[in-house]
Amino acid sequence: MLDLLYKRRSIRKYTATKINPGTVQILLKAALLSPSSHGLKPCRFLVVDDPEILSLLSSSKKGAGHLKSAALAMVILADPGVSDVWVEDASIAGTILHLTAESLGLGSCWIQIRNRQHTENETAEEYVRKILAIPETLNVASIMALGYPAESKSPYSEKDLDFAKVDINKYGTKFNG
């Protein structure tokens, strides 16, 4: 697991190679197996592989342009009527998708949609909901861009670990592990 965490970096450039259906199925299984509070599973997942729709989604907010070149997007939705901690559950599912993608040789990049703006008068969530016909009962947490990397980034190293951010037993008592 630590090897995956050291290697996983946000990838924003992708090759034109499509992701085969078996690999998409593995990604979906991983997302569906994500832990959730009380096992309530409030998340739903919408797979987008249509280049025209990916292009539309790429303008959902500033910083989402790389969706144009992604092989697919996984939109992470959640039903707040099922769980009051849907944000946390959706975040866990996104993290599981990141790590699963890395384990499969895919690149991924989280695109925050919740609490972001498309335009001054329209939220990113409203924009995405409109494009994908998402019902009002579901919230759009994020979009995960996925594809085969067309860029390489150095893995994290031990020097990237900031143990000064770790305390033990009480805040302010530094961990000297």
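Model, not experiment: these values are computed from the prediction.
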- Here the pair of heavy atoms bringing A145 nearest to H66 is CB-CD2, 3.9 Å
- Check: A164 main-chain N/O paired with K174 side-chain donor or acceptor under 3.5 Å: yes
- Separation of L138 CG from C43 SG (nearest 0.5 Å): 10.0 Å
- Message: Starting from M74, can I reach I19 by hopping between I/L/V/M/F/W/Y residues whose side chains sit under 4.5 Å apart?
- Response: yes
- Message: Tell me whether W110 shares a hydrophobic cluster with L132, the cluster being built from Ile, Leu, Val, Met, Phe, Trp, Tyr side chains joined at under 4.5 Å.
- Response: no
- Task: Could you tell me which non-hydrogen atom of Y14 sits nearest to which non-hydrogen atom of G107, and how far apart they are?
- Result: CE2-O, 3.8 Å
- Task: Give, for atom CG of L4 and atom NE2 of H98, the distance between the pair rounded to the nearest 0.5 Å.
- Result: 12.5 Å
- Item | Main-chain N/O of L97 paired to T100 side chain as donor or acceptor, under 3.5 Å | no
- Query: Nearest 0.5 Å, what's the CG-CD distance between L5 and E102?
  - Reply: 9.5 Å
- Item | Validation row: T17, Y148 side chains within 4.5 angstrom (heavy atoms) | yes
- Query: Would you say the side-chain atoms of D50 pair up with the backbone N or O of E52, donor to acceptor, closer than 3.5 Å?
  - Reply: yes
- Task: Report yes or no: do V87 and I92 belong to one cluster of Ile/Leu/Val/Met/Phe/Trp/Tyr joined by side chain heavy-atom distances under 4.5 Å?
- Result: no
- Heavy atoms of S10 and K153 approach each other most closely as O-NZ, 2.6 Å
- Would you say the side chain of S37 lies within less than 4.5 Å of the side chain of D89, judging by non-hydrogen atoms? yes
- Message: What I want to check is whether the side chains of Y6 and E158 have a donor and an acceptor closer together than 3.5 Å.
- Response: yes
- Task: May I ask you to decide if N169's main-chain N or O and T173's side chain share a donor-acceptor pair within less than 3.5 Å?
- Result: no
- Task: For the residue pair Y127 and T119, confirm or rule out a side-chain donor-acceptor distance under 3.5 Å.
- Result: no
- Task: Tell me, yes or no, whether the heavy-atom count around K68 atom NZ, taken from other residues, nucleotides or ligands under 6.0 Å, exceeds 12.
- Result: no
- Task: Check whether any side-chain N or O of N20 sits under 3.5 Å from a backbone N or O of T23 as a donor-acceptor pair, and report yes or no.
- Result: yes
- Message: Surrounding NZ of K13 (heavy atoms of other residues, nucleotides or ligands, distance under 6.0 Å), is the total greater than 12?
- Response: no
- Message: Would the distance check show the side chain of S55 and the main-chain N or O of P51 forming a donor-acceptor pair, the cut-off being under 3.5 Å?
- Response: no
- Full working for salt bridge (charged side-chain N to carboxylate O under 4.0 Å, His left out) between D79 and R44: CA-CA 8 Å; D79 185 340; R44 296 185 59 106; over 6 Å; no
- Message: I need the minimum non-hydrogen distance between S69 and R12, along with the two atoms involved.
- Response: OG-O, 4.2 Å
- Message: Could you report the tightest heavy-atom contact between W86 and R114, atom names first, then the distance?
- Response: CH2-CD, 3.2 Å
- Query: Is there a donor-acceptor pair under 3.5 Å between the side chain of S142 and the backbone N or O of Q112?
  - Reply: no
- Ion pair check, E125 and R116, cut-off under 4.0 Å: no
- Message: Side chains of T123 and K61, heavy atoms from C-beta outward: is any pair under 4.5 Å?
- Response: no
- May I have the step-by-step check of side-chain contact (heavy atoms from CB on, under 4.5 Å) for E88 and S36, ending in yes or no? CA-CA 8 Å; E88 291 84 349; S36 68; over 6 Å; no
- Item | Separation between CG of L77 and CZ of F45, rounded to the nearest 0.5 Å | 8.5 Å
- Under 4.5 Å between side-chain heavy atoms, hopping through other hydrophobics if needed: is there a path connecting V24 to I53? no
- Can S60 and H118 be counted as having a side-chain donor-acceptor contact under 3.5 angstrom? no
- Query: How many angstroms lie between CD1 in I11 and CG in L106, if you round to the nearest 0.5 Å?
  - Reply: 11.0 Å
- Please report the closest heavy-atom contact between T15 and A150, naming both atoms and the distance. N-CB, 3.7 Å
- Query: If you round to the nearest 0.5 Å, how far is CG of L99 from NZ of K7?
  - Reply: 11.0 Å
- Note on the structure: Between L46 and the options V128, I143, I76, I134, the side-chain contact (heavy atoms from CB on, under 4.5 Å) test singles out I134
- Message: For residues V47 and I131: do they belong to one hydrophobic cluster (side chain heavy atoms under 4.5 Å, members Ile, Leu, Val, Met, Phe, Trp, Tyr)?
- Response: no
- Would you mind checking if E122 and K130 are paired as a salt bridge, meaning a charged N to carboxylate O distance below 4.0 Å? yes
